[in-house]
Structures are given as structure tokens and as C-alpha cells.
Amino acid sequence: MNQQPLRFLIATDGSLCSEKAVRVGLELAARLRARAEIINVLEPSEEPADPSLRTRLTMLRDIDRHHGKLALEQGTELAQKLGVEHKSLQPTGLPEQVIVQKAADFDLVVLGTHGRSGWRRWVMGSVAEAVLSRSPKPVLVVHESFTPSAVKGQVAPYKQLLIATDGSKCSQQATRYGLQLAQALGAEVTFLSVVSSLTRPQGASLPLSQALSLVEEDAQTQAEALLEQVQTQAQQAGVSARAKLVKGRPVETIVKQALLHDLLVMGTHGRTGLDKLMMGSVAEGVVRRSQIPVLVVPCPEAP
């Protein structure tokens, strides 16, 4: 990683998934000797004209502020226990905006997610989704279903990293970052490439089936060449690595394979708006469902 001490921005809202994210972020910071800034963002609100409503609003704000301070105190206590240099802040603003604005000054953003999907999520929005789409720096996302190893009385090892790769520029960026992280942690790496199995329409003609088979064979050949390439990169970086090629649906396959590892590293195209809604995203699908922490590396900007 960098020569200067790494800086982690760890966001918490006091929820269970945020507590898990704080633990993961601080444990990783301890292993990498990184500095941490733990933040709880208080959302602003307009003052209602009705005095009684203002009183209720003030009470709710006080509750939110107190709840956030408790979360920061818990994070501070853990940071002290782990020996992580840190500070805690409680800024005011829209959480996703504050986190993205501050991200530029940090090396890694850490936050939790509930992984909700569907119509309600699209209407209400999601802090994690917004940060993933807009953050200029890598984002480590911890799903609420994750069970920290420390809960079992063990310290999180982070010795087995899974790097999902498809040969794209975004994936190449994630591979470089993942190898640097593996170097710093003394971890082993598994490179995973997923070849999608093409669905044959019912009653498909022989020529069509043969054409689809050729496409699958070509995709597998390219994936095998890619895995050889990244293994060479790992060897040059002094990182112990192995490769795995699996046929199946990318999201389901990556989520399943990730269960055998401590941390998943992958890239994202960082699409936003209607394009993201229509096109979907493997990274987004994995983040919603992964039971281990996912480190999402943003795609390098086009020159």
C-alpha cells in the first residue's frame, strides 16, 4: 500500500450492520497500521411553523444525536482496544454527500448496508448505494448478515482474499489493489473468473446450439488466459495465489465462493441513474447478498 499511513473513513449510524462495519474497519486498520476517522452524520431538517411540532422535532434530533454519540463512543472504545490511532466526529448533512465529500481525503471508506432491494429501495434511496456509485476511493461494505470472527472469540485473520476478475479495466484496477492489500496483510489470494452459461431456448435448432457452445468455449479460453495473466502478476508481487474458473451466474457464483474467504475484492463501473437501474451491476448484486465484507474498487476514470 502507500508509504504514508493509510487513512480510513468509517461511517456509522448506530445500527447493527454499522457496528459490524466499524469492527471490520478498525480490525483492518489495526493490521495495516492505518489511522481511522469514525463519523456519525446527523441529517438536517427544516423547522416546522407549529411550535409543538418544533418541540417534537427537537426531541427527535436530541435522540438521534445521543444515539450517534453512543455509536461513536463504542467505536472509540474498540479503536483504543485495538491500538488504532483515531478520532470521531458528528458532522451535519446528508450522509451520502458528507461521506463522498470526505472520501477524497482518505484511502478507504468503510460502511454497513442492509442490502435491501426492490421498489422501496429505489424510491427511498440507499446511502451505501450512493457512496458506491460516487466515491473516488475504494469502499469496504459490510452486510448486516456478516458475523465478525471476533464474536466467536477470534481476531479476524484476513488471510484469504478472493479477487473477482473479468479482464475489464475496472477489474484490472481491483486486481492491482487486491494484490497490494494481500502484500500488506501477508494474505493468500484466489482469483475467480466466472463464465456465464448461456441458456438454450426450448427447441433451439442445432446450428444455434452449436453457435452458443462456440461462444461459451471462446469465453472459457479468454478466462483461462486472463487467470494465467493475473497469476503472473501475483507471482511478481510475491503473493501466493491460485486461480478458479467456474461456470454459472456471476452474482450467485461469487457470493458462494466468497464464503470460503475472509474478504472479497472486486471492481465496479460506478454507473448511476437510469443506466444503472436498467443495466444492473454484478458488484451491486454481490454487495447486497455477500455474507463477508466486500471491498469495491472504483473504475479508473477515462483519460
Side-chain angles (χ1 to χ4, degrees), residues 1-2 4-40 68 70-89 99 102-103 106-115 128 131-132 135 137-163 174 177-190 239-240 258-266 286-287 290-297:
M1 311 301 281
N2 296 335
Q4 296 294 325
L6 295 173
R7 299 187 66 208
F8 288 7
L9 177 65
I10 305 176
T12 177
D13 62 6
S15 63
L16 178 59
C17 61
S18 281
E19 288 179 12
K20 294 179 179 181
V22 169
R23 176 174 291 277
V24 169
L26 290 176
E27 285 184 343
L28 195 58
R31 291 193 174 275
L32 297 174
R33 297 181 180 178
R35 299 170 180 170
E37 182 172 307
I38 310 169
I39 64 170
N40 168 255
L70 288 178
L72 293 177
E73 288 174 3
Q74 289 178 349
T76 295
E77 182 180 348
L78 181 58
Q80 291 172 343
K81 181 179 179 181
L82 296 172
V84 176
E85 184 179 342
H86 66 284
K87 64 179 179 178
S88 60
L89 299 172
I99 295 170
K102 291 179 71 66
F106 291 83
D107 299 290
L108 180 68
V109 178
V110 184
L111 73 167
T113 181
H114 298 281
V131 173
L132 280 169
S135 174
K137 299 296 178 64
V139 180
L140 178 59
V141 186
V142 181
H143 194 277
E144 63 182 344
S145 63
F146 171 65
T147 302
S149 57
V151 172
K152 307 169 188 174
Q154 303 173 354
V155 177
Y158 298 110
K159 290 296 184 181
Q160 297 291 333
L161 306 188
L162 179 66
I163 302 178
Y177 190 94
L179 287 175
Q180 290 177 349
L181 183 61
Q183 282 180 320
L185 292 170
E188 296 181 350
V189 164
T190 297
V239 174
S240 176
L259 292 173
L260 306 174
H261 301 79
D262 302 312
L263 185 68
L264 167 63
V265 181
M266 63 188 308
V286 170
V287 166
S290 177
Q291 295 182 46
I292 72 164
V294 183
L295 201 161
V296 183
V297 182

Determine whether [X] and [Y] make a side-chain contact, defined as any pair of heavy atoms from C-beta on separated by less than 4.5 Å.
| X | Y | result |
| --- | --- | --- |
| Thr113 | Leu132 | no |
| Val297 | Leu295 | yes |
| Leu260 | Leu162 | no |
| Phe106 | Ile10 | no |
| Leu26 | Ile38 | yes |
| Leu70 | Glu73 | yes |
| His143 | Ser290 | no |

Out of curiosity, [X] [atom1] to [Y] [atom2], how far, rounded to the nearest 0.5 Å?
| X | Y | atom1 | atom2 | answer |
| --- | --- | --- | --- | --- |
| Asp262 | Gln160 | CG | CD | 6.5 Å |
| Tyr177 | Asp107 | OH | CG | 7.0 Å |
| Leu72 | Asn40 | CG | CG | 5.0 Å |
| Glu144 | Glu19 | CD | CD | 12.5 Å |
| Ser135 | Lys102 | OG | NZ | 13.0 Å |

For [X] and [Y], which heavy atoms make the closest approach, and how far apart are they?
| X | Y | result |
| --- | --- | --- |
| Ala34 | Val84 | O-CG1, 3.6 Å |
| His86 | Thr76 | NE2-CG2, 3.3 Å |
| Ala187 | Val239 | O-CG1, 3.8 Å |
| Ile163 | Val189 | CD1-CG1, 3.7 Å |
| Gly14 | Ala71 | CA-CB, 3.7 Å |
| Ala258 | Ile292 | O-CD1, 3.2 Å |

Please check this pair: side chain of Lys159 against backbone of Leu185, looking for a donor-acceptor N/O pair closer than 3.5 Å.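 Yes; at least one donor-acceptor contact below 3.5 Å.
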Between Lys20 and Phe146, is there a donor-acceptor pair closer than 3.5 Å when you use the side chain of the first and the backbone of the second?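 Yes: the side chain of Lys20 pairs with the backbone of Phe146.
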Quiz item: Going through the distances and angles, do Arg35 and Lys87 end up as a side chain to side chain contact (heavy atoms under 4.5 Å, CB included)?
Solution: CA-CA 9 Å; Arg35 299 170 180 170; Lys87 64 179 179 178; over 6 Å; no
- What's the verdict on side chain to side chain contact (heavy atoms under 4.5 Å, CB included) for Leu181 and Leu32, showing C-alpha distance, side-chain angles and the deciding distance? CA-CA 9 Å; Leu181 183 61; Leu32 297 174; 3.8 Å; yes
CA sep, side-chain torsions, deciding dist, call: Thr190, His261, side chain to side chain contact (heavy atoms under 4.5 Å, CB included): CA-CA 9 Å; Thr190 297; His261 301 79; 3.2 Å; yes
